[in-house]
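Computation of the quantities below employed the complete heavy-atom set of this structure, encompassing side-chain atoms and omitting hydrogens, waters and symmetry-equivalent molecules. Every number for a ligand or one of its atoms is a count from 1 in the order of the listing. Here the structure is a predicted model, which means the values were calculated and not measured.
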Amino acid sequence: MRYKNWIGGKWVEAKSGKYFSSTNPADPADVLGEFPRSDRHDVETAVKAADRAFAEWSRVPAPKRGELLFEVAKLLKERKEELSQLMTREMGKVLKEARGDVQEGVDMTYYIAAEGRRLHGYVTPSELPHKTCYAVRRPIGRIAVITPWNFPLAIPTWKIMPALVAGNTVVWKPASDTPRLAYELAKIFDEVGLPDGVLNLVIGDGNSVGIPLAQHPKINMINFTGSTDIGREIYKYGAGKLNKVHLEMGGKNPIIVMDDADLELALDGILWSAFGTSGQRCTACSRLIIHRPVYKPLLNLLAERTKKLKLGNGLDPKTDVGPVVNPIQLKRIHEYVELGMKEGADLLIGGKVAKKGELAKGSFYEPTIFADVSPDMRIFQEEIFGPVLAATPAKDYDEAIRLANDTTYGLSSSIFTRDIYQAQRAIEDLETGITYVNAGTIGAEVHLPFGGIKDTGNGGREAGQTALDECCEWKTVYIDYSGRLQKAQGID
Ligand code: UN1
């Protein structure tokens with residue numbers, strides 16, 4: 001089956017006439033469809049369509065824009081099971097996590113749809129009599145949305161829904177690993193009758209679509225989630241045009257376990273955060289910092305539990321860990337593991353491409369744990385984006401915090417402790433945008449700000465109320481009803 005781009009309200013082929021296929025990382029013989037290999041010509045038509053649609057869409061009252069999003073949320077919810085199965089087939093995450101991804105999209109859409117009836121600005125007194133001052137949100141214009149494959153439904157909703165409710169129009173380039181999910185979301189917008197050109201879907205790779213889109217002079221804002229290297233490039237394209245650029249990038253998220261922690265609880269949190277989605281979340285735990293008195297016992301328990309994790313096709317309910325997204329990532333993960341061994345870390349478990357039986361067909365990597373990893377090792381510092389965990393001992397709380405902060409990234413962090421003083425201090429001391437206490441590093445909820453500091457981001461936060469700040473301009477209004485020219489700052 002061949003799928004098309006959605007531009008100006010029409011399903012159209014790419015100008016190149018070329019297609020690529022999307023396949024199941026657990027079984028490449030399972031093909032999800034053929035998708036257009038678009039390039040800058042398609043970007044051009046899509047931006048034009050978004051530009052044409054802007055004048056009208058930005059004037060639709062926000063509550064009406066929100067009503068359309070409620071319809072989208074309803075269809076997403078109705079199709080949750082179908083979309084989840086497609087997601088597992090397209091990028092591999094186990095079915096229960098795929099259901100979570102779709103649910104996150106449903107939640108985000110409902111949450112933001114309701115903003116159509118709020119979209120609050122504020123009113124404040126004037127320093128002069130008979131004068132009213134207020135500030136309202138205005139749309140920015142045409143927004144380029146560039147999304148990753150690891151949350152093929154949730155992350156697009158984080159970016160697209162706030163942009164639309166605020167009155168912007170969007171050109172969306174989804175990851176080329178997950179075009180089918182992108183198609184399914186765009187189709188829902190088509191079904192609810194979103195006006196032509198308000199959302200445009202252009203499928204293709206980063207060089208042919210992402211870069212020309214980010215560089216396009218008619219694009220006023222770029223909203224990107226992906227690697228820090230690409231984010232830096234995108235920031236430059238945006239800077240040249242003085243665009244607002246929202247970036248969500250890498251993580252090297254630590255879990256600290258202190259000696260007073262509930263170790264069973266910590267184990268559950270570590271396994272879920274390190275090996276859920278095969279470690280392919282920007283919030284995944286990839287560093288484990290353990291207070292010395294519990295270092296050995298915790299690692300022993302962890303290795304035992306990790307051994308029991310079942311690798312397999314995510315559609316099989318018995319599977320704990322699915323494949324990684326594609327053979328290129330698989331190779332990259334293994335290169336990091338070899339590097340870890342060369343650097344002198346102690347391989348506790350895993351460390352191999354999994355090839356037993358059915359697994360040989362797909363891109364499977366054994367859940368891997370390194371012990372005695374030191375901060376100068378690249379496996380401690382660099383984002384691997386796979387099921388690889390680096391464990392390091394810490395002599396006390398202060399050293400644990402120093403180790404946790406010894407990274408260029410700053411997305412998520414966690415501490416397991418029963419000591420409320422220690423927990424409260426960690427909330428202040430951990431240099432990340434998100435901190436969990438007695439829970440893993442993953443599982444952010446849609447109505448709170450999401451994002452990170454240091455090389456993880458550039459200051460913005462998506463989700464929550466902050467999502468609206470990302471995709472709105474402020475307009476400040478002064479209305480003088482004194483009937484004379486009043487001058488501010490006491491000038492008379
Ligand atoms: C991501 O990995 O890019 O907190 C986003 C979480 C999810 C979102 C992760 N709600 O793990």
Side-chain angles (χ1 to χ4, degrees), residues 76 84 87 91-94 96-112 145-162 174-175 177-178 181-182 223-231 234 246-255 268-287 321-322 324-325 329 383-389 409-414 430 432-437 439-453 455-458 460-464 466-467 470:
L76 280 173
S84 307
M87 187 182 299
M91 55 68 69
K93 69 170 75 172
V94 296
K96 63 176 187 217
E97 290 185 45
R99 289 185 186 123
D101 188 324
V102 177
Q103 188 59 46
E104 195 166 330
V106 170
D107 296 341
M108 187 66 195
T109 308
Y110 273 123
Y111 171 66
I112 286 293
V145 167
I146 303 176
T147 53
W149 47 262
N150 68 332
F151 277 82
L153 197 89
I155 293 182
T157 66
W158 292 4
K159 297 181 187 300
I160 293 171
M161 305 308 170
D177 281 299
T178 49
L181 258 290
N223 192 340
F224 167 84
T225 293
S227 73
T228 297
D229 286 346
I230 301 194
I234 288 192
H246 177 90
L247 303 171
E248 286 301 335
M249 302 174 290
K252 194 71 187 174
N253 313 293
I255 290 181
D268 288 340
I270 296 161
L271 287 166
W272 175 229
S273 305
F275 303 130
T277 325
S278 307
Q280 305 168 109
R281 295 195 190 206
C282 55
T283 50
C285 167
S286 48
R287 291 182 303 141
V321 181
V324 299
V325 69
Q329 274 300 115
E383 185 178 47
I384 300 173
F385 226 64
V388 181
L389 180 62
Y409 293 112
L411 181 55
S412 184
S413 57
S414 140
L430 286 165
T432 53
I434 304 166
T435 292
Y436 290 88
V437 176
T441 52
I442 68 177
E445 301 178 32
V446 300
H447 53 301
L448 285 111
F450 180 94
I453 61 173
D455 288 356
T456 293
N458 60 340
R461 291 290 182 273
E462 51 195 343
T466 45
E470 295 303 305

_How close do His246 and Asn223 get, counting heavy atoms only, and between which atoms?_
CD2-OD1, 3.1 Å
*So, is Trp158 polar-close to ligand 1, with some N/O to N/O distance under 3.5 Å?*
no
*Where does Thr225 meet ligand 1, judged by heavy-atom distances below 4.0 Å: at the side chain, the backbone, both, or neither?*
neither
*asked:* Just to confirm my output: which protein heavy-atom neighbour is closest to atom 4 (O) of ligand 1, and how far is it?
replied: Ala444 N, 2.7 Å
*asked:* Tell me if a side-chain donor or acceptor on Arg281 pairs with a main-chain N or O of Asn150 at a distance below 3.5 Å.
replied: no
*Non-hydrogen atoms of Trp272 versus ligand 1: any pair closer than 4.0 Å?*
no
*Which protein non-hydrogen atom lies closest to atom 1 (C) of ligand 1, naming both residue and atom, and how far is it?*
Cys282 SG, 2.9 Å
*Can you find an N or O of Gln280 that's nearer than 3.5 Å to an N or O of ligand 1?*
no
*Protein heavy atom at shortest distance from atom 6 (C) of ligand 1*: Gly443 N, 3.3 Å
*Quick one: is the NZ or CZ of Lys93 closer than 6.0 Å to the six-membered ring centre of Phe151, and within 45° of its axis?*
yes
_Test item: Gln280 side-chain N/O and Thr277 main-chain N/O as donor-acceptor pair under 3.5 Å_ = yes
*Can you see which heavy atom on Phe450 is nearest to which on Glu248, and at what distance?*
O-OE2, 3.3 Å
_For Leu411 against Gly250, the heavy-atom pair lying closest together_ = CB-O, 4.3 Å
*Numbering the atoms of ligand 1 from 1, which are under 4.0 Å from a heavy atom of Asn150?*
1 (C), 2 (O), 3 (O)
*Mind checking whether Glu445 contacts ligand 1 via backbone (N, CA, C, O), side chain (CB onward), both or neither, at a 4.0 Å heavy-atom cut-off?*
neither
*Starting from atom 9 (C) of ligand 1, find the nearest protein heavy-atom neighbour and note its residue, name and distance.*
Phe151 CE1, 3.6 Å
*With heavy atoms of Ile155 as the reference, note each atom of ligand 1 found under 4.0 Å away.*
3 (O)
*For the residue pair Met108 and Ala463, what are the closest heavy atoms and their distance?*
CE-CA, 3.8 Å
*Considering the heavy atoms of Arg281, write down every atom of ligand 1 situated less than 4.0 Å from one of them.*
2 (O), 6 (C), 7 (C), 11 (O)
_Phe385 to Cys282 - nearest heavy-atom pair and separation_ = CE1-N, 3.7 Å
*Going by distance alone, is a donor N or O of one side chain under 3.5 Å from an acceptor N or O of the other, for Thr435 and Ser413?*
yes
*Side chain, backbone, both or neither: which part of Thr277 comes within less than 4.0 Å of ligand 1 when only heavy atoms are counted?*
neither
